[in-house]
Amino acid sequence: MRIGAPTNDADAAFDRLADEIRACRHCAAHLPLGPRPLFRGRPSARLLIVSQAPGSRAHRSGLSFDDPSGQRLRDWLGIEHAAFYDESRVAIVPVGLCYPGRSGAGDRPPLPECAPLWHPRLLPHFAAVRLTLLVGSYAIRRCLPQCARQPAGAVLARWREFLPGLFVLPHPSWRGALWERQNPWFAAEMLPMLREAVAQALR
């Protein structure tokens with residue numbers, strides 16, 4: 001029996017859409033390593049993580065956040081590896097579903113065609129979500145268009161305004177370490193509330 005086999009019409013519809021997304025070649029000409037759309041989750045998920053785009057390691061392994069930034073994010077959330085990758089409880093949907101390639105010292109931004117193509121069809125399937133995390137500036141701009149013209153740091157500083165169902169977070173890459181040191185409220189004030197909210201959502 002296939003893991004995650006449909007148990008009702010909603011699951012069957014989700015599986016059909018998931019197969020369609022994973023077969024997507026819409027942006028193939030712009031992807032240096034080729035298309036490999038990555039997302040995770042089942043309609044029963046209680047926690048939704050909207051992220052930036054898979055990195056090169058995730059592209060190779062097929063596992064979202066399969067790198068040190070993933071470990072850092074799990075530390076922020078206060079959850080173990082097994083819980084993070086339990087698709088029945090946690091959904092991970094990037095703004096760009098495929099690895100976009102490199103640009104200078106970092107990865108290129110998510111391709112702009114991806115989220116408008118798939119998010120409106122995919123995200124409604126996660127109706128059981130109790131808590132949403134917007135991880136990184138691209139996720140914040142995509143999901144909070146009213147903040148699109150504001151610096152990411154300014155939006156992050158207003159994090160309490162988006163509670164209780166939404167947390168805005170910096171990207172957990174090594175580049176964010178300096179920002180975190182410059183903003184001690186993140187560890188002192190936000191992370192304890194974030195961990196409690198995540199625990200409640202998954203409970």
Side-chain angles (χ1 to χ4, degrees), residues 38-39 41 45-55 58 64-65 67-79 84 90-120 122-124 126 129-202:
L38 296 180
F39 71 95
R46 297 294 191 266
L47 175 65
L48 171 63
I49 299 172
V50 182
S51 57
Q52 178 169 306
S64 304
F65 282 105
D67 54 24
S69 68
Q71 182 57 58
R72 193 171 186 213
L73 178 59
R74 290 188 288 275
D75 289 343
W76 287 352
L77 306 186
I79 60 177
F84 186 79
V90 178
I92 303 173
V93 179
V95 172
L97 299 180
C98 292
Y99 170 59
R102 298 281 292 178
S103 175
D107 290 343
R108 292 167 56 198
L111 293 182
E113 302 92 335
C114 190
L117 181 64
W118 294 119
H119 278 205
L122 179 59
L123 295 180
F126 299 119
V129 163
R130 298 171 178 168
L131 181 67
T132 299
L133 313 181
L134 306 182
V135 180
S137 60
Y138 292 101
I140 292 170
R141 291 169 188 157
R142 170 66 192 174
C143 297
L144 297 174
Q146 70 273 26
C147 299
R149 296 184 180 275
Q150 301 175 28
V155 180
L156 291 168
R158 295 166 43 212
W159 62 277
R160 293 179 186 273
E161 296 179 20
F162 307 105
L163 301 179
L166 184 69
F167 274 84
V168 291
L169 299 172
H171 194 278
S173 71
W174 60 270
R175 293 179 186 83
L178 176 61
W179 179 90
E180 192 170 348
R181 289 195 299 271
Q182 294 173 338
N183 295 274
W185 56 264
F186 178 74
E189 300 175 29
M190 181 194 277
L191 288 188
M193 292 184 66
L194 173 64
R195 289 166 182 155
E196 177 59 26
V198 168
Q200 289 185 8
L202 298 180

Shortest non-hydrogen separation from [X] to [Y] and the atoms involved:
X      : Y      : value
Pro100 : Pro109 : CB-O, 3.4 Å
Leu166 : Leu131 : N-CD1, 4.1 Å
Pro172 : Trp76  : CA-CH2, 3.5 Å
Ala197 : Phe167 : CB-CE1, 3.7 Å

List the atom pairs, donor and acceptor, that lie under 3.5 Å between side-chain atoms in residues 134-158 and the rest of the protein, sequence neighbours left out.
| from | atom 1 | to | atom 2 | distance (Å) |
| --- | --- | --- | --- | --- |
| Gln150 | OE1 | Arg158 | NH1 | 2.6 |
| Arg158 | NE | Glu161 | OE1 | 3.1 |
| Arg158 | NE | Glu161 | OE2 | 3.2 |
| Arg158 | NH2 | Glu161 | OE1 | 3.0 |

Is the centre of the Phe186 ring less than 6.0 Å from the centre of the Trp159 ring?
-> no
Pro94: partners by side-chain contact (heavy atoms from CB on, under 4.5 Å), with sequence neighbours left out | Phe39, Ser51, Pro54, Leu97
With Ala177, which residues qualify under side-chain contact (heavy atoms from CB on, under 4.5 Å), at least two apart?
-> Arg72, Arg181
Please list, chain by chain and in numerical order, all residues satisfying salt bridge (charged side-chain N to carboxylate O under 4.0 Å, His left out) with Asp107, sequence neighbours excluded.
-> Arg102
Pairing residues for Glu113 by the salt bridge (charged side-chain N to carboxylate O under 4.0 Å, His left out) criterion, not counting sequence neighbours =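 So Glu113 forms no salt bridge (charged side-chain N to carboxylate O under 4.0 Å, His left out) with any residue.
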Side chains of [X] and [Y] in contact at under 4.5 Å (non-hydrogen atoms):
X      : Y      : answer
Val50  : Val95  : yes
Val93  : Leu122 : yes
Val168 : Leu133 : no

Euclidean distance, Leu169 CG relative to Leu77 CG, rounded to 0.5 Å = 7.0 Å
Interatomic spacing from OG1 in Thr132 to CG in Leu48 - rounded to 0.5 Å | 4.5 Å
Enumerate the residue pairs fulfilling side chain to side chain donor-acceptor pair (under 3.5 Å) with a member in residues 185-195, sequence neighbours excluded, ordered by first and then second residue.
-> Arg160-Glu189, Asn183-Trp185
Can you label the angle between the Phe84 ring and the Phe65 ring as parallel, tilted or perpendicular, going by 30° and 60°?
->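 Answer is perpendicular, since the angle exceeds 60°.
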